[in-house]
Participant: 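Before I ask anything, here is the structure I am working with.
Letters A, B, ... are given to chains in the order of the sequence lines, protein chains preceding strands, and every chain is numbered from 1. Note that the structure is a prediction, hence the values are computed from the model and not measured.
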Amino acid sequence: MEFFQELLGPAWTPVWTLAKIVAIVAPLMIGVAYLTYAERRIIGFMQVRLGCNRVGPFGLLQPIADGLKLMFKEIVIPTGASRGLYILAPVLAMAPALAAWAVIPFTDTLVLANIDAGLLYIMAVTSMGVYGVVLAGWASNSKYAFLGSMRSAAQIVSYEIAMGFALVGVLMSAQSLNLVDIVNGQKGEWGMLEWYFLPLFPLFLVYLISGVAELNRAPFDVAEGESEIVAGFHVDYSGMAFAIFFLAEYANMILVATLTSLLFLGGWLSPVPFLPDGFHWLAAKIAFVLFLFLWFRATFPRYRYDQIMRLGWKVFIPVTLVWLVLMGAVMQTPLGYLFH
Amino acid sequence: MDFTSLVFYLFSAILVVAGLRVVTARNPVHSALALVLAFFTGACLWMLLEAEFLAITLVLVYVGAVMVLFLFVVMMLDINIEEMRRGFWDYLPLAALVAVLMAIEMITVLAGERFGLAPPSPKPADYSNTRELGLLIYTDYVYAFELAAVILLVAIVAAIALTLRRRPGRKSVDPAEQVKVRRADRVRLVSLKPQKAEAREEEA
């Protein structure tokens, strides 16, 4: 490594950073591809059918075949579409989904940018993902796409508030916005009993469910209504432009699962004190949360739109506010150690 | 010119162009998007000034929430751009006044050193201005902060009260009522005698 450092001189830092970015994004993209495969197989088994099993052994090459197919398809730009914004929209959906990974720690030393305001950065970056949805719907010059984008954008904006409040609880417990510090704050001699999902249980539930709503996934996938508004905001996209929206959605799924694992489930910490910590624990937790998302989709029927709005505004936000006040009050008493 | 000033001029140029696009774009959606770009570039400039908390909050609040709602409204309105442009130059005196005021304010800040306003010294890397801001807001300036919060709350309540219309004959249902329903309220089981034979006789 030092040899390369000498060879490249001042160009070393950007090259090395770029290499690290590739090292994060490439596995993420493979994860996204195989998450679609896992989704189809797992939901298939839950519904007593096989799922995709034709391409390659056990259908393992299916995501690659899908990717190739989408790549060779023509991108049709609808008549009267706002050309620039139509092409910009998938980029705006994808960029925040990838940019948020900059501050995600994988172990206590393995992190691209260990910044102090990490949690705040993630909230800011992910809140920009909604532009992709809004602009895709508007720029397609189609009523179906526009209605779909209005519905999903309203839903994303509403649940962001509950999600933000749930994160306030985490940072009150950890006394820090730095993700490495937050995970280290969950370390203790009791293993998994020290993780934040126990003292912050209502916030954990709110975060998990808001996460599903934020991702526009079942049972909150009202943007998709096959009978009225077809597939939602990206109905007029084809080929790779459509695939980008798909990639962004699944990359966001993995992101929310990772954040849930880091903030509430102890990240890379081992669930029992006698086993060593490590990245494999984080990977296992992410896989578990992702499995939950797929399980939700196979289990619950779709929510009605007014029920979604009611759940977000009238149930989750009050629950988080009450719990935050309670936490703040208890933390001033000798019982405050419960929340640390 | 070092790298920092190069980045500063780049951001400033983008900010100025974006600001101009806000007022010159023909399509209101493009204007709103230019405003988003302006906010984002402003946040980048703040980041250069080591105000990372304010920068990220600007993105979180203005780009992530306020402008999304703004875009919502702009997209749904049917705005006739020609009509909006009619009085464009009539606002020139007012705009000039605002511009002069802003210039004076900027001069006061930039020439602050002459009036004894010391520039802030650079802080070490582990300095957390989130913590510092939190300490100030919730201790020294807690009354001002809570006053601002109450004013915002009043504004929200007022806005809702202005637009809330109680229309008679609404069909929305109270979820609590739905949950309380038991089977007996909706379904009545009646045992009927078999009537097949009689029906056949009638047909015949």
Side-chain angles (χ1 to χ4, degrees), chain A residues 10 82 84-85 88-89 92 95-96 99 103 114-135 137-139 141 146-147 149-151 153-154 156-158 160-161 163-164 167 171-172 175-178 181 303-307 309-311 314-315 328, chain B residues 3 25-30 32-37 39-40 43-44 46-47 50-77 123-134 138 160 170-176 178-179:
Chain A
S82 178
L85 292 182
L88 192 67
L92 281 178
V103 297
N114 188 3
I115 63 170
D116 208 41
L119 198 57
L120 206 60
Y121 168 84
I122 285 188
M123 279 162 74
V125 167
T126 49
S127 72
M128 275 164 34
V130 64
Y131 281 105
V133 174
V134 174
L135 286 182
W138 184 79
N141 190 32
F146 187 61
L147 287 174
S149 86
M150 286 289 140
R151 283 168 80 149
I156 293 174
V157 171
S158 318
E160 225 163 58
I161 301 167
M163 224 166 164
L167 295 185
L171 76 92
M172 274 167 81
Q175 312 257 316
S176 170
L177 281 168
N178 183 315
D181 289 348
Y303 256 60
R304 216 170 56 205
Y305 198 75
D306 62 320
Q307 290 173 331
M309 285 299 163
R310 178 178 167 272
L311 186 71
K314 292 189 178 171
V315 179
Chain B
F3 186 65
R26 299 201 67 79
N27 191 325
V29 172
H30 292 183
L33 288 174
L35 193 54
V36 172
L37 181 62
F39 277 133
F40 192 81
C44 293
W46 284 2
M47 199 70 107
E50 299 180 12
E52 81 267 358
F53 178 77
L54 287 179
I56 297 178
T57 315
L58 181 71
V59 173
L60 183 66
V61 176
Y62 280 89
V63 178
V66 174
M67 283 316 292
V68 175
L69 301 180
F70 217 84
L71 209 57
F72 250 69
V73 176
V74 167
M75 279 177 179
M76 298 218 258
L77 291 180
K123 298 285 188 289
D126 60 342
Y127 175 81
S128 165
N129 63 29
T130 314
R131 185 178 288 273
E132 295 294 318
L133 256 168
Y138 292 106
I160 294 174
R170 283 189 319 145
K171 287 182 180 167
S172 67
V173 276
D174 182 10
Q178 284 182 310
V179 172

Participant: Counting only heavy atoms closer than 4.5 Å, note whether V36(B) contacts chain A via side chain, backbone, both or neither.
Facilitator: side chain
Participant: Under 4.5 Å heavy-atom distance to chain B, tell me which part of L85(A) shows up: side chain, backbone, both or neither.
Facilitator: side chain
Participant: Closer than 3.5 angstrom, by distance alone: can the side chain of Y131(A) be matched with the main-chain N or O of V63(B) as a donor-acceptor pair?
Facilitator: yes
Participant: Minimum heavy-atom separation for S127(A) to G64(B), with atom names?
Facilitator: OG-CA, 3.4 Å
Participant: Between CG of L33(B) and CH2 of W138(A), what distance do you get to the nearest 0.5 Å?
Facilitator: 8.0 Å
Participant: Heavy-atom cut-off 4.5 Å, strictly under: side chain, backbone, both or neither for L71(B) against chain A?
Facilitator: side chain
Participant: What's the separation between atom CD1 in I122(A) and atom CG in L60(B), rounded to the nearest 0.5 Å?
Facilitator: 12.0 Å
Participant: I need the I56(B) CD1 to L177(A) CG distance, nearest 0.5 Å.
Facilitator: 8.5 Å
Participant: What part of S82(A) gets closer than 4.5 Å to chain B, counting heavy atoms only: side chain, backbone, both or neither?
Facilitator: side chain
Participant: Flag yes if more than 12 heavy atoms outside Y62(B) fall under 6.0 Å of its OH atom; otherwise flag no.
Facilitator: no
Participant: Is L58(B) close to chain A through its backbone or its side chain, or both, or neither, when contacts mean heavy atoms under 4.5 Å?
Facilitator: neither
Participant: Would you indicate whether the side-chain heavy atoms of M75(B) and L135(A) approach each other to under 4.5 Å?
Facilitator: yes
Participant: Answer yes or no: are there more than 12 heavy-atom neighbours, outside F40(B) itself, under 6.0 Å from its atom CZ?
Facilitator: no
Participant: Rounded to the nearest 0.5 Å, what separates atom CZ in F72(B) from atom OG in S149(A)?
Facilitator: 7.0 Å
Participant: Return yes when atom OH of Y305(A) has more than 12 non-hydrogen atoms of other residues, nucleotides or ligands closer than 6.0 Å, and no otherwise.
Facilitator: yes
Participant: Tell me, side chain or backbone of V157(A) under 4.5 Å from chain B's heavy atoms, or both, or neither?
Facilitator: side chain
Participant: Tell me, for I161(A) versus chain B, whether the close heavy atoms (under 4.5 Å) come from the side chain, the backbone, both or neither.
Facilitator: neither
